[in-house]
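Reviewing the structure listed below.
Letters A, B, ... are given to chains in the order of the sequence lines, protein chains preceding strands, and every chain is numbered from 1. Computed from a predicted structure; not experimentally measured. All heavy atoms count here, side chains included; hydrogens, waters and symmetry mates do not.
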Amino acid sequence: MANKILAILEQREGLLKRSAFEAVTMAKQLAAELNLGAEAVVVGNEVSNINDIGNYGIDKVIHLKSTELENYSSSGYRDAIADYAKETDADYLLFANTALGKDLAPRLAVALNAGCLIDCVKLDSSSGELIATRPVYAGKALIDVKCNSTKKVITIRPNVFKAKETGSSSNTDVKVIEINSPNLKCKVVDFKKSEGKLDVAEADIIVSGGRGLKGPENFHLIEELANSLGAAVGASRAVVDAGWRPHGEQVGQTGKTVSPSLYVACAISGAIQHLAGMSSAKYIVAINKDKDAPIFNIADYGIAGDVFEILPALTEEIKKVKQE
Amino acid sequence: MKIAVCVSHVPDTATRIKLGQDGKTIDPDGVTYVINPYDEYAIEEALKTKEKFGNDSEVIIISLGTDSSKESIRKTLAMGADSAVLLKDETERDSFGVAKALADEIKLQGCEIVFCGKQSVDYDNNIIGQLIAELLEYSCITVVVDLKINGSKITAEREIEGGREVVECKLPAVITTQKGLNEPRYASLKGIMAAKKKTIEEKPATEAEHLTELIKMHLPAPKNPGRILGTDSSAVPELVRLLREEAKVL
């Protein structure tokens, strides 16, 4: 008999991330469909918004707590979660597929002898058995996969499953388990923040620029539009390889695969490896002077014109409507 | 010191994907296969590590695949790897099965440090390195963009959302490599000639249980082509109106 699903939630600097609440919502839904109990598990020291978890439908929260686990430690987090999962004989572990989730989930899979369903964009349990759909080849194809093992480790792609507040005025019941002398064989000792920018992997809106911008000195047009939208700046492989932009901004098959609500592709023709990384965006806008560019085949709205003329006008228009 | 590099032979990123007849894999017809792009950073870092540790170090390429993988393996030998092992397997394995076979060979070879690409660009799981490390009880740092090895101490920077984490661990370890870590070298003519004399050891991959099962592969639903709203900035107000009223994303 299946018993329990644990939503493993990520905190950074003592704050649960948005993707953590997406994991809560999904775990709650799977628990209902598969007739499982659901608990949320947080590893860290002080976590200021831990009581918000109840608003998303799981009121039982396990806080695996240690001052030494404030920052990520792959060995320390693995052992703390594995011990708890084994002790309570949980069959399902669910993570958001963030940098931390990707790093940690497979380690727990080995610890628990579980199969891994990674980066899922759909989870279907209507047949009584959990079938996951996940992108492969950066989204050029999808596969349906299932676990043969009793224990299952699942990661869900951020931004795909929306966190839903359940509306009930639930009390979050937080049980603190102190982790004494955690295993710090591998640990984070410092964090170097990139300069005040939103990351494409987490952004709800992305404005990307390509080679048609003619040079790195023109990327301010992209940055200004991104600022007006509260968006992250992305880039095509061509401009990253040319050294105009850092690799962290690259969207595509050898960069990041993203699923924002809105993706604005500026002066990007749409090479297949770029399209693979962004075509699952909900809405795509393309601005490119070549009306035959492949990017227009997947764009919802396009302007087939000159970015140097259109981008400043678009930035102004966005600012104007934002003020209304 | 023995240094292992795990290499996979994958479709080039410019490939257009067509489904194979089995409904579970791609149609390989007309597909160009290359070294997994992230594995190139792994090979380069292994060669740099060998240069640092001196000539009693050795870089061993380990790849799981079929005869066709030899093409990529040969390139890694031309770049400067010392030897290679091809773990032969004609079947489709899940990630756990791949990691288990690689880990068994790494153990047999006695490698203290293992480099692999952070993900392969076919199945995009991002998990092989971590699985190998856990199976061998090695430390593991993933998505590495900067690496320092001092004696047995490793300090690495890994890319995460909004910045880089600085992580410390000790050897033995698995490092998964990300673009930005280094600039992979090209094979020299001398390297290409030398590679011809190096042998690729072939042996069957060890068995492993399948923890996951691929049911089917399918293609994403095609998107309907959108609307071109104009050819200059006069189309901007209409674009913004649609984003607000139709798409509701602003």
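- Both the backbone and the side chain of B:Arg16 come within contact range of chain A, judged by heavy atoms closer than 4.5 Å.
- For B:Ser95, no part lies near chain A; criterion is any non-hydrogen pair under 4.5 Å.
- Neither the backbone nor the side chain of A:Leu104 comes within contact range of chain B; no heavy atom of the residue lies under 4.5 Å from a heavy atom of that chain.
- A distance-only check finds a donor-acceptor pair linking the side chain of A:Lys140 to the backbone of B:Thr13 [under 3.5 Å].
- When heavy atoms are compared at a cutoff of 4.5 Å, A:Ala232 does not approach chain B at all.
- The residue among A:Asp190, A:Asp199, A:Asp144 with the most heavy atom pairs within less than 4.5 Å of chain B is A:Asp144.
- Options B:Pro222, B:Pro220, B:Ala156 differ in how many heavy-atom pairs under 4.5 Å they form with chain A, and the most are formed by B:Pro220.
- Both the backbone and the side chain of A:Asp300 come within less than 4.5 Å of a heavy atom of chain B.
- The backbone N or O of A:Ala138 sits less than 3.5 Å from a side-chain atom of B:Asp124, completing a donor-acceptor pair.
- Here the side chain of B:Glu168 pairs no donor or acceptor atom with the backbone of A:Val189 at under 3.5 angstrom.
- A donor-acceptor pair is defined here as one N or O able to donate and one able to accept, closer than 3.5 Å; such a pair exists between the side chain of A:Ser194 and the backbone of B:Gly162.
- Note on A:Lys187 versus B:Glu165: no salt bridge recorded, every NZ/NE/NH1/NH2 to OD/OE distance being 4.0 Å or above.
- Heavy atoms of A:Thr257 lying under 4.5 Å from chain B are absent altogether.
- No part of A:Lys320 comes within reach of chain B, as not one of its non-hydrogen atoms sits under 4.5 angstrom from that chain.
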